[in-house]
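Note that the structure is a prediction, hence the values are computed from the model and not measured. In what follows, every chain begins at residue 1, and chains take the letters A, B, ... in the order their sequences are listed.
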2 protein chains.
Amino acid sequence: MVLPRAAKTQRRTRIQEEKEEQILEAALEVFSANGFRGSTIDQIAEVAGMSKPNLLYYFRTKEAMHRALIDRVLDTWLDPLREFNAEGNPVAEIRSYIRRKLEMARDFPRESRLFANEVLQGAPHIEDELKGPLKELVDEKAEVIRAWAKAGKIAKCDPYHLIFAIWSTTQHYADFDVQVRAVLGQENAGDGRFEDAARFLERLFVDGLQVREQPSSDYTEEI
Amino acid sequence: MVLPRAAKTQRRTRIQEEKEEQILEAALEVFSANGFRGSTIDQIAEVAGMSKPNLLYYFRTKEAMHRALIDRVLDTWLDPLREFNAEGNPVAEIRSYIRRKLEMARDFPRESRLFANEVLQGAPHIEDELKGPLKELVDEKAEVIRAWAKAGKIAKCDPYHLIFAIWSTTQHYADFDVQVRAVLGQENAGDGRFEDAARFLERLFVDGLQVREQPSSDYTEEI
DNA sequence: TGATAATTTGACCGGTTGGTAAACATTACA
DNA sequence: TGTAATGTTTACCAACCGGTCAAATTATCA
């Protein structure tokens, strides 16, 4: 037999699992840093420590590698949002969501950049995932937030744009890391910026979501 | 003479200015959509409506095209931050900065994506600009914000992370447009999402920056 | 151990890509 | 108008890139 990479229906060898693991790890490294088109199979092969034809023995094409990687990473990437709990304390839930997203930006920046690259270039490979599973999950959680607002537990606000704001502010620290470092300067070599960001963002969103009597727009017109 | 593309010291021909303009416009279109490595000179040539060697007559290399484009766009891209006025009303200044950044995300998404692509992939071509001019500008404006906070005009907060938050939330609507559209659904075909975003973000930041007596952290521990 | 299946690699192929050379066309201007 | 400078194109090249093939190597197990 000569096509074990098609061995999807059959039991996987130990060596198959190990090598596929190695390859996907290397693919994450390379794809997240260069985007799909910017990455070459040779690069991935070198990082994985194997020859190019060997990669292609496990994944028929570059696209297949990319897709397998996305499939594998997307689930865990959305976990924080799934944990969003309708029964919990609203402010605490939002706060903990922010914290978890920031931790992921710190601990899994490559995963963040993988998606950022993809979405930024028009999401040619994950359009279905965006319009399907992602949209459904967000719709569900947006409904939760809307209910909280309606019940007066948090300030009224557009739940979708709230989610976008949390996504963007937290992922910024992974996706635009070089810029953040450049602006903050050398002294922020450690992880301090993540703690500062956590303090700032938790405060921003929590204060911004407190229920208050007078609408904020009153402040607009002074001067 | 046969190297007019080196005609940097001499006076530029009318035709030179026109063609370079055409090329940079096409380069913006292509680079912003595909990133540097993902773009080909042929693509740019086709968009520009000229032959590949003709592009290379005006810009010696692909890199030179990219650099010229970045140089040209970076300045105007930073204009909103430059307008940030220390003498103005703090809340109004921040509010108007958010509005302007959102307008740019709506009207100049390609410029936003150009930088996003670049920074996301480690800013290999603009590292100097980040650590130089950008950092200096941000430092200056951060100082303004810090002074406002010290004077009690806005809540105390980390000015750098405030700027990061405004950048990320506003540019999100340009850089991750496909995702935003996918999540919001088809019905948001027009520019409505920008108006919704403006409402949400102005409220978020303005409320989050109001001076208040009790620190927000009090809310953390309930339940 | 030996035979069979699974894994790995070097050599190679066709298409693409950044860039060049030189001939050809057009413009500017004396 | 003539000519020199400027602008444009066709043909081409070498390197790269995704992918194939067949041979070689290693693992599996009766």
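- Protein atom CD of A/E18 is 11 Å distant from nucleotide atom P of D/dA27, rounded to whole Å.
- A salt bridge links A/E25 with A/R110: at least one charged nitrogen is closer than 4.0 Å to a carboxylate oxygen.
- For the pair B/Q22 CD and D/dT8 C1', the computed distance is 13 Å after rounding to whole Å.
- Residues B/F84 and B/W148 place their aromatic rings such that the two centres sit under 6.0 Å apart.
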Enumerate the protein-to-nucleotides 9-12 of chain D contacts in which both atoms are nitrogen or oxygen and the separation is below 3.5 Å.
residue, atom, partner, partner atom, Å
D/dT9, OP2, B/S51, OG, 3.1

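- Rounded to a whole Å, the NZ atom of B/K62 is 18 Å from the P atom of D/dA15.
- A/D196 and B/Y160 form no side-chain donor-acceptor contact under 3.5 Å, judged by distance and modelled atom types alone.
- Fit an axis to the five pairs at each end of the helix from C/dT1-D/dA30 to C/dA30-D/dT1 and the two axes sit 10° apart, to the nearest 10 degrees.
- For residues 24-45 of chain A, proximity to DNA chain D is found at A/S39, A/T40, A/I41, defined as any non-hydrogen atom under 4.0 angstrom from a strand atom.
- A straight line from CE of B/M65 to P of C/dG18 spans 10 Å, rounded to a whole angstrom.
- Between the CD atom of B/E46 and the P atom of C/dG18 there is a distance of 14 Å, given to the nearest Å.
- Atom CD of B/E129 has more than 12 neighbouring heavy atoms from other residues, nucleotides or ligands inside a 6.0 Å radius.
- The distance between atom NE2 of A/H66 and atom C1' of D/dC17, rounded to the nearest whole Å, is 17 Å.
- Every residue two or more places apart in sequence or in another chain that forms a ring pair (Phe, Tyr, Trp, His ring centres under 6.0 Å) with B/F176 is listed here: B/H172.
- Taking atom CZ on B/R60 and atom P on C/dT20, their separation rounds to 9 Å, with Å as the unit.
- Looking at residues two or more places apart in sequence or on another chain, you find a side-chain contact (heavy atoms from CB on, under 4.5 Å) between B/M50 and B/K19, B/Q22, B/I23, B/A48, B/N54, B/L55, B/Y58.
- The number of heavy atoms from other shown groups lying within 6.0 Å of CZ (B/F108) does not exceed 12.
- One finds a side-chain N or O of A/K19 lying less than 4.0 angstrom from the OP1 or OP2 phosphate oxygen of C/dT8.
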Show your working on salt bridge (Lys or Arg N to Asp or Glu O under 4.0 Å) between B/R72 and B/E21 and close with a plain yes or no. CA-CA 11 Å; B/R72 188 169 112 132; B/E21 171 68 31; 2.9 Å; yes
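- Classification of B/E127 and B/K131 as a salt-bridged pair holds, one side-chain N sitting under 4.0 Å from a carboxylate O.
- At C/dA6, none of the side-chain N or O atoms of A/Q16 fall inside 4.0 Å of OP1 or OP2 (strictly under the cut-off).
- B/D42 and B/K52 are joined by a salt bridge, as a carboxylate oxygen and a charged side-chain nitrogen come within less than 4.0 angstrom of each other.
- Scored by the ring pair (Phe, Tyr, Trp, His ring centres under 6.0 Å) test, A/F31 finds A/F36, A/H66 as partners (sequence neighbours excluded).
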